[in-house]
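The basis for the numbers below is simple: all heavy atoms, side chains too, and nothing from hydrogens, waters or symmetry mates.
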Amino acid sequence: MLQVYNTMTRQMEPFKTIEPDVVKMYVCGPTVYNYIHIGNARSAVAFDTIRRYLEFCGYRVDYISNFTDIGDKLTRTSASENISVAAVAAKYIAYFDEDTAALNIKPATFHPRATDNIPDIISFIEDLIAKGYAYESEGDVYFRARRFKDYGELSHQSLDRLEVGASERTADEETARKEDPIDFALWKGQKADEVAWDSPWGAGSPGWHIECSVMSGKYLGETIDIHGGGEDLAFPHHENEIAQSEAHTGKKFVNYWLHNGFVTIGNDDEKMSKSLGNFITAHEALQKFDHQALRFFMSATHYRRPIRYTEAAIEEAQNEVQRFKIARANLLYRRKDSQAGSDAKITALVADYRKKFITAMDDDFNVQNGLAVVHEFVGEMNQYAVAEAVHLDSLIDLVQQLEAFLLIFGVDLTVTESLDSDVADLIVQRDAARANKDYATSDAIRDELAQRGVVLEDTPQGTRWRLK
RNA sequence: GGUGGUAUAGCCAAGUGGUAAGGCAUGGGUCUGCAAAACCUUGAUCGUCGGUUCAAAUCCGAUUACCACCUCCA
């Protein structure tokens with residue numbers, strides 16, 4: 001049975017869905033004013049990996065992830081790039097799609113955008129005002145945090161101990177409009193040059209937190225199974241979402257809160273973030289590294305642990321992916337001399353490893369232990385690949401199981417590679433030279449192909465090739 | 001000031017009481033015409049100090065270092 005670590009209770013809990021076989025999952029998406037960086041990508045990868053494992057286990061996952069397409073940051077990009085705010089959003093959403101596709105992150109079931117949900121946001125806020133949880137102040141609307149009895153429950157903060165302004169990101173003018181410094185904005189009156197919508201409180205735009213509450217409720221329902229995001233969002237973002245949503249519905253908002261760890265960079269293991277300016281965009285990294293290696297690098301670390309971004313680590317991930325690919329290819333190469341049918345031993349072995357893998361992953365998506373099982377499985381595959389006699393169905397069983405395991409990590413091993421026809425000809429020529437023991441010629445051809453990125457390997461069944 | 005997290009071999013890292021999984025890298029070996037791939041093999045007593053226990057990386061106490069959050073950063 002799957003156990004997950006719930007930030008709310010700080011404990012492992014058995015995972016039980018609201019509806020059988022369906023997981024309702026919401027993951028906080030990016031503000032689309034720039035390329036996503038490696039840290040943003042890690043979050044998307046972490047939850048994509050979780051989603052894929054849930055699907056592997058047979059769940060249907062209704063996965064919603066938003067785009068925040070309004071706010072100061074878009075306004076600033078709009079000015080610096082001299083395009084409209086809508087164009088900024090469209091541009092960076094397109095890059096988001098491109099980069100996440102390159103990382104083999106499945107698109108969300110739906111990607112709602114804040115600007116497409118303004119009427120719902122306004123009526124949600126009106127309800128909070130009607131219930132006494134919110135108040136208007138000079139064109140802004142704020143949430144009375146202290147009125148919500150469980151405020152601080154998720155992050156386990158005591159309201160009286162919070163250090164006001166510790167993040168140094170709050171504006172004094174805004175604080176002055178609040179009844180209490182911990183109150184947070186639901187609606188913000190229009191400032192000069194900002195995109196704004198009409199509302200009962202005048203022209204303005206939604207606060208940051210409200211969009212997630214509204215869209216989660218609208219697309220998944222009042223209570224959902226999983227809400228995910230970076231651990232920096234636990235407070236205040238998710239805390240505020242809980243307050244808004246539960247004040248609004250009177251029901252529990254989320255059953256399991258999952259938070260991913262950061263990507264760190266540099267000798268001090270500092271968090272990679274846009275505000276610190278120490279970030280590398282996914283777009284840049286994808287140009288530099290093999291896409292699958294980069295994806296595997298991120299999904300092969302447990303989602304709650306930090307990942308240190310280094311080139312050496314990504315290259316190591318590439319070696320590991322290579323090992324999986326070679327194991328698969330070497331097994332498929334044996335189809336040519338295989339017998340029909342299957343080996344009972346292999347059938348049992350595949351079922352056994354599948355079970356071991358699930359046991360490992362059921363422990364809060366323990367990918368390290370899951371991968372240890374996969375590596376042992378690969379060892380078995382490699383031994384079968386050199387067995388004297390092999391059976392076709394068993395070859396296929398092994399290969400398909402490996403593919404299924406790796407797909408959870410976002411690595412698609414079935415991407416096919418092909419040879420140029422002249423390369424194929426050269427391989428034939430080399431085989432002829434070897435048959436005549438003309439090793440000077442055969443080695444020259446092998447060297448030439450190596451230059452072109454084609455590796456040749458001689459086996460008892462013939463010469464097999466792979467791309468380097 | 002408050003709240004969390006992390007510290008295990010060269011590197012990544014699993015492991016919540018019984019004599020340290022797995023991977024990458026390295027050295028050696030087998031196989032090969034030579035290679036490659038594969039297989040076999042090679043290494044740590046777990047930040048520091050103290051305690052509990054027959055037994056601790058695992059429990060308790062102290063301590064050090066680093067990271068993060070405390071109103072819009074995944």
Problem set entry | Whole-Å distance separating the CH2 atom of Trp257(A) from the C1' atom of C69(B) | 15 Å

Exercise. What integer number of Å spans the P atoms of A36(B) and U30(B)?
Worked result: 14 Å

Seminar exercise, completed: side-chain contact (heavy atoms from CB on, under 4.5 Å) filter on Leu349(A), not counting sequence neighbours, yields Tyr353(A), Phe377(A), Glu380(A), Leu398(A)

Exercise. Got a salt bridge between Arg446(A) and Asp443(A), using NZ or NE/NH1/NH2 to carboxylate O under 4.0 Å?
Worked result: yes

Check: residues 70-77 of chain A side-chain donor-acceptor pairs under 3.5 Å, at least two apart:
from, atom 1, to, atom 2, distance (Å)
Thr75(A), OG1, Gly71(A), O, 3.0
Thr77(A), OG1, Tyr33(A), O, 3.1
Thr77(A), OG1, Lys73(A), O, 3.1

Problem set entry | Nearest-Å distance once atom C1' is located in both G43(B) and C11(B) | 14 Å

Exercise. When you compare A74(B) with G18(B), how far apart are their C1' atoms, in angstrom units rounded to a whole number?
Worked result: 42 Å

Problem set entry | Integer-rounded Å distance: U3(B) P and His259(A) NE2 | 19 Å

For this session: Indicate for each nucleotide in nucleotides 22-27 of chain B, in 5' to 3' sequence, whether protein heavy atoms under 4.0 Å reach the base (B), only the sugar-phosphate (S), or nothing (-).
Result: SBSS--

For this session: Give the ring-plane orientation class for His259(A) versus Trp257(A), where under 30° counts as parallel, over 60° as perpendicular and anything between as tilted.
Result: parallel

Exercise. Closest to the Phe235(A) side chain: A37(B), C70(B), C34(B)?
Worked result: C70(B)

Exercise. How long is the line joining CG of Leu233(A) and P of G4(B), in whole Å?
Worked result: 19 Å

Seminar exercise, completed: Quick note, ring-ring contact (aromatic ring centres under 6.0 Å, His included) partners involving residues 306-328 of chain A, not counting sequence neighbours, are Phe296(A)-Phe324(A), Phe324(A)-His375(A)

For this session: Determine the Euclidean distance between corresponding C1' atoms of C59(B) and A25(B); express it in Å to zero decimal places.
Result: 36 Å

Problem set entry | Heavy-atom donor-acceptor pair, Arg434(A) side-chain to G33(B) base, under 3.5 Å | yes

Seminar exercise, completed: Comparing Pro306(A) with Tyr439(A), nearest RNA chain B nucleotide closer to 5' gives the residue Pro306(A)

Problem set entry | Separation of U71(B) P from Glu179(A) CD (nearest whole Å) | 19 Å

Problem set entry | A35(B) base / Arg446(A) side chain donor-acceptor hit below 3.5 Å | yes

Exercise. How far, in whole Å, is A14(B) from A57(B) if one measures between their C1' atoms?
Worked result: 12 Å

Exercise. With no hydrogens and no angle check, do the side chains of Tyr303(A) and Asp364(A) hold a donor and an acceptor under 3.5 Å apart?
Worked result: yes

Problem set entry | Closest nucleotide among A35(B), A68(B), A37(B) to the Asp458(A) side chain | A35(B)

Problem set entry | Residues within residues 295-303 of chain A bordering RNA chain B, heavy-atom distance below 4.0 Å | none

For this session: Rounded off to whole Å, could you give me the CD1-to-P distance for the Ile307(A) and C67(B) pair?
Result: 19 Å

For this session: Would you please test Phe96(A) and His111(A) for ring-ring contact (aromatic ring centres under 6.0 Å, His included) and show each step?
Result: CA-CA 11 Å; Phe96(A) 174 93; His111(A) 277 287; 5.8 Å; yes

Problem set entry | Any Asn369(A) side-chain N or O less than 4.0 Å from OP1/OP2 of G15(B) | yes

For this session: Please measure how far the P atom in G33(B) lies from the corresponding atom in U42(B), and state the result in whole Å.
Result: 28 Å

Exercise. Watson-Crick or G-U wobble partner for A38(B), using a 3.5 Å limit on both distances?
Worked result: U30(B)

Exercise. Whole Å only: how far is the CD atom of Gln322(A) from the P atom of A36(B)?
Worked result: 15 Å

Problem set entry | Donor-acceptor pair under 3.5 Å, Asp268(A) side chain vs C67(B) base | no

Exercise. Are a donor atom and an acceptor atom from the side chains of Asn66(A) and Tyr26(A) found within less than 3.5 Å of each other?
Worked result: yes

Exercise. Across all strands shown, which nucleotide pairs with A55(B) by Watson-Crick or G-U wobble geometry, both distances under 3.5 Å?
Worked result: none

Exercise. Out of A13(B), A36(B), C34(B), which nucleotide sits closest to the side chain of Asp443(A)?
Worked result: C34(B)

Exercise. Quick one: Asn240(A) CG to C72(B) P, roughly how many Å, whole number?
Worked result: 10 Å

Exercise. Per the atom types in the model, does the base of A68(B) pair as donor or acceptor with the side chain of Asp232(A) at under 3.5 Å?
Worked result: no

Exercise. If we call it a pair only when both distances are under 3.5 Å in a Watson-Crick or G-U wobble match, what pairs with A74(B)?
Worked result: none

For this session: Could you give the distance separating U58(B) and A9(B) at their P atoms, to the nearest angstrom?
Result: 15 Å

Problem set entry | Earlier contact from the 5' end, RNA chain B, for Arg464(A) and Tyr33(A) | Arg464(A)

Exercise. Would you call the rings of Phe365(A) and Tyr53(A) parallel, tilted or perpendicular if under 30° counts as parallel and over 60° as perpendicular?
Worked result: perpendicular

For this session: Report yes if at least one side-chain N or O of Arg10(A) is closer than 4.0 Å to OP1 or OP2 of U3(B); otherwise report no.
Result: no

Problem set entry | Side chain of Glu457(A) - closest among A36(B), A74(B), A21(B) | A36(B)

Exercise. Please give, in whole Å, the distance from C67(B) P to Leu276(A) CG?
Worked result: 11 Å

Exercise. Taking atom P in both U26(B) and A68(B), what distance in whole Å separates the two?
Worked result: 33 Å

Exercise. Donor-acceptor pair, Arg464(A) side chain versus Arg334(A) backbone, under 3.5 Å?
Worked result: no

Exercise. Any side-chain N or O of Asn382(A) under 4.0 Å from OP1/OP2 of C39(B)?
Worked result: yes

Exercise. Among residues 135-157 of chain A, which residues get a heavy atom nearer than 4.0 Å to RNA chain B?
Worked result: Ser155(A), His156(A), Gln157(A)

For this session: Mind telling me whether Tyr35(A) and Tyr92(A) have parallel, tilted or perpendicular rings, with 30° and 60° as the class edges?
Result: perpendicular

Problem set entry | Polar side-chain contact Lys73(A)-C73(B) base: donor and acceptor under 3.5 Å | no

For this session: Report yes if a donor N or O on one partner sits less than 3.5 Å from an acceptor N or O on the other, where the partners are the side chain of Arg308(A) and the base of C12(B); otherwise report no.
Result: no

Problem set entry | Identified pairing partner of A7(B), criterion: Watson-Crick or G-U wobble below 3.5 Å | U64(B)

Exercise. Taking the side chain of Asn366(A) as its heavy atoms from C-beta onward, which of C73(B), A14(B), A37(B) lies nearest to it?
Worked result: A14(B)

Exercise. Closer than 4.0 Å, any side-chain N/O of Lys271(A) to the OP1 or OP2 of C69(B)?
Worked result: yes

